[in-house]
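The next block holds one structure in the form of C-alpha cells; read it before the comments.
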Protein chains: 2
Amino acid sequence: MNEKLKVCPIRYTLGVIGGKWKLPIICLLACDTPMRYGAIKKKLGDITNMMLSQSLKELEANGMVNRKQYNVIPPKVEYSLTNEAKELLGALTMFAKWGNDQIDKNENNITSGCEECQSSC
Amino acid sequence: MNEKLKVCPIRYTLGVIGGKWKLPIICLLACDTPMRYGAIKKKLGDITNMMLSQSLKELEANGMVNRKQYNVIPPKVEYSLTNEAKELLGALTMFAKWGNDQIDKNENNITSGCEECQSSC
DNA sequence: CAGAATCCCGCCGGATACTG
DNA sequence: CAGTATCCGGCGGGATTCTG
C-alpha cells in the first residue's frame with residue numbers, strides 16, 4: 001500500500017478495507033460514535049488483540065480511522081471514522097445491497113444480517 | 001461461498017470478487033464483448049492457466065460470468081458478464097473513484113490507470 | 001485451444017504470553 | 001486498559017507438466 005506504484009484504484013480500495021477484520025470494524029464505527037478499543041473488541045467477540053491493534057493501525061495509516069488517545073491511567077483510546085472513510089459507506093451500501101440480492105437469489109432461505117459486526121452493515 | 005450461513009452481505013460480495021484475479025477479469029469483460037479464454041489470458045499477461053480457469057469457474061459458479069462453449073475442434077469458449085455482474089459495475093466505479101481520490105491525496109504524483117487489467121476499470 | 005493435476009512456498013491470521 | 005512479542009499452521013496462489 002505504501003509503494004509508489006501504478007495500481008488499480010479498485011484494488012487499492014480493496015487493499016485498504018481488505019483482510020478479515022477491517023470491514024467489520026468499519027461497520028461498527030459507522031454508527032458515528034467514537035468507540036474505545038475494548039468496546040470494539042467486545043463487539044467483535046472473537047478477534048485477538050493482535051489482529052485488532054494491527055487492523056486499527058493499518059486503517060489509521062490509510063486515513064480510515066482517527067485515533068484519539070487520552071493520556072490517563074488506565075489508558076483510554078477512542079477510534080472513529082474519518083471523513084474519507086465515510087465517503088466509502090455509500091459504495092459499501094451498494095455492495096451490501098447487491099450481496100443481499102444475490103444471497104436471496106441463490107439460496108432463498110437465509111437471514112441476511114451481519115453476524116460478524118452485529119450491525120446492519 | 002456455498003455454505004448456507006448467515007453471512008455479512010458485504011463480505012459475501014467481497015468473497016465473490018475477491019482474490020487476486022477476479023477483479024481484473026471482470027474489468028476486462030466489462031467492455032461487453034464476449035472474450036475467449038486465450039484472449040483473456042493474453043490481456044492479463046502473467047496469469048497462469050491454473051489461476052485463470054479456477055477464477056473463471058468460481059465466477060461462473062457465483063453467477064458472475066456466462067460460459068459459452070462451442071463444440072468445435074480446436075475448442076472455443078467465450079466468457080461474458082451476466083446481468084447480475086453488470087449490476088455490480090456501478091459500485092465498482094464508486095470504489096475506483098474513491099481509490100483514485102485517495103491515491104491522489106496520499107501521494108500526489110501517481111498515474112492512475114489500471115495496470116493489471118489494461119483498461120479503465 | 002482450453003484447460004486439469006501435482007507440488008510447493010509465502011504470508012495472513014490465530015494462540016499464547018507479556019507490559020507500560 | 002490498550003496494547004506488544006513470538007511462534008506457528010493453513011491456505012491462497014504460483015510453477016511446472018500433461019491432455020481431450
Side-chain angles (χ1 to χ4, degrees), chain A residues 1-3 7-8 11-12 14-26 28-29 34-62 65-80 115-117, chain B residues 1-3 8 11-26 28-29 34-62 65-80 115-117:
Chain A
M1 298 308 308
N2 24 19
E3 310 116 25
V7 73
C8 170
R11 294 198 70 83
Y12 173 89
L14 291 185
V16 170
I17 64 171
K20 187 170 182 182
W21 297 105
K22 287 174 187 170
L23 222 24
I25 292 171
I26 292 173
L28 270 184
L29 297 179
M35 289 182 70
R36 298 185 60 172
Y37 182 92
I40 299 174
K41 183 171 160 66
K42 199 168 189 177
K43 271 285 191 182
L44 294 180
D46 52 350
I47 191 174
T48 63
N49 283 324
M50 176 80 194
M51 279 296 101
L52 180 52
S53 66
Q54 179 180 311
S55 300
L56 285 170
K57 200 178 298 178
E58 290 174 13
L59 284 172
E60 188 192 4
N62 286 316
V65 305
N66 297 122
R67 188 191 127 104
K68 185 170 186 182
Q69 177 171 355
Y70 302 83
N71 282 319
V72 295
I73 294 177
K76 173 175 175 182
V77 183
E78 282 182 345
Y79 295 92
S80 58
E115 192 177 5
E116 281 185 53
C117 58
Chain B
M1 300 307 307
N2 22 21
E3 311 116 23
C8 170
R11 294 198 70 82
Y12 173 88
T13 303
L14 291 185
V16 170
I17 65 171
K20 186 168 183 183
W21 296 106
K22 287 174 187 171
L23 222 24
I25 292 171
I26 292 174
L28 270 183
L29 297 180
M35 290 183 69
R36 297 185 59 170
Y37 181 92
I40 299 174
K41 183 171 162 66
K42 198 168 190 177
K43 272 283 190 184
L44 294 180
D46 52 350
I47 191 174
T48 62
N49 284 325
M50 175 81 193
M51 279 296 102
L52 180 52
S53 66
Q54 178 180 313
S55 301
L56 286 170
K57 199 178 299 176
E58 290 174 12
L59 285 172
E60 188 192 3
N62 286 317
V65 304
N66 297 122
R67 188 191 127 103
K68 185 169 185 183
Q69 176 170 353
Y70 301 84
N71 283 319
V72 295
I73 295 178
K76 173 177 176 180
V77 182
E78 281 183 344
Y79 294 93
S80 57
E115 191 178 7
E116 281 186 54
C117 58

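No experiment lies behind these values; they were computed from the predicted model shown. Because only heavy atoms are used, hydrogens play no part in the values below, and waters and symmetry mates are left out as well, while side chains stay in. In what follows, chains are A, B, ... by sequence order, proteins preceding strands, each numbered from 1.
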[X] side, atom [atom1]; [Y] side, atom [atom2] - distance, nearest 0.5 Å:
X	Y	atom1	atom2	value
Leu14(B)	Ile17(A)	CG	CD1	5.5 Å
Arg67(A)	Tyr37(A)	CZ	OH	10.5 Å
Lys42(B)	Leu28(B)	NZ	CG	13.5 Å
Asp46(A)	Lys41(A)	CG	NZ	9.0 Å

Just to verify, what does Glu78(B) make a side-chain hydrogen bond (donor to acceptor under 3.5 Å, both in side chains) with, not counting sequence neighbours?
Tyr70(B)
Would a 4.5 Å heavy-atom cut-off, applied to side chains only, mark Ile40(B) and Leu29(B) as touching?
yes
Heavy-atom distance under 4.5 Å between the side chains of Leu59(A) and Ile26(A), does that happen here?
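Heavy-atom side-chain distance check passes, below 4.5 Å.
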Distance-only criterion, 3.5 Å: show the donor-acceptor pairs between side-chain atoms of residues 50-57 of chain A and protein atoms not counting sequence neighbours.
unit_1: Ser53(A); atom_1: OG; unit_2: Asn49(A); atom_2: O; d: 3.0
unit_1: Ser53(A); atom_1: OG; unit_2: Met50(A); atom_2: O; d: 3.3
unit_1: Ser55(A); atom_1: OG; unit_2: Met51(A); atom_2: O; d: 2.7

Does the side chain of Tyr37(A) get closer than 4.0 angstrom to OP1 or OP2 of dT4(D) through an N or O atom?
no
Within the structure, does a side-chain N or O atom of Arg36(A) lie under 4.0 Å from either OP1 or OP2 of dA2(D)?
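Looking at the OP1 and OP2 atoms of dA2(D), one of them is under 4.0 Å from a side-chain N or O of Arg36(A).
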Can you build the contact string for nucleotides 10-16 of chain D? Use B for base contact, S for sugar-phosphate-only contact, and - for no protein heavy atom under 4.0 Å.
---BSB-
For Arg11(A) against Leu23(B), the heavy-atom pair lying closest together:
NH1-CB, 4.0 Å
So which heavy atom on Lys22(B) is nearest to which on Val16(B), and how close?
CD-O, 3.2 Å
Using whole Å, report how far CG of Leu52(A) lies from C1' of dC1(D).
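Nearest whole value for this atom pair: 12 Å.
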Spacing between Lys41(A) atom NZ and dT4(D) atom C1', to the nearest angstrom
13 Å
Considering only heavy atoms, which members of residues 70-78 of chain A lie under 4.0 Å from some atom of DNA chain C?
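Under 4.0 Å from DNA chain C: Pro75(A).
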At a heavy-atom distance below 4.0 Å, which nucleotide of DNA chain C is the first touched by chain B, and which is the last?
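That gives a stretch of dC1(C) to dT6(C).
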For the helix from dC1(C)-dG20(D) to dG20(C)-dC1(D), what angle lies between the axis at the first five pairs and the axis at the last five pairs, to 10 degrees?
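The angle, to the nearest 10 degrees, is 60°.
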At under 4.0 Å between heavy atoms, what does Lys42(A) touch on the DNA or RNA strands: base, sugar-phosphate, or nothing?
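No contact.
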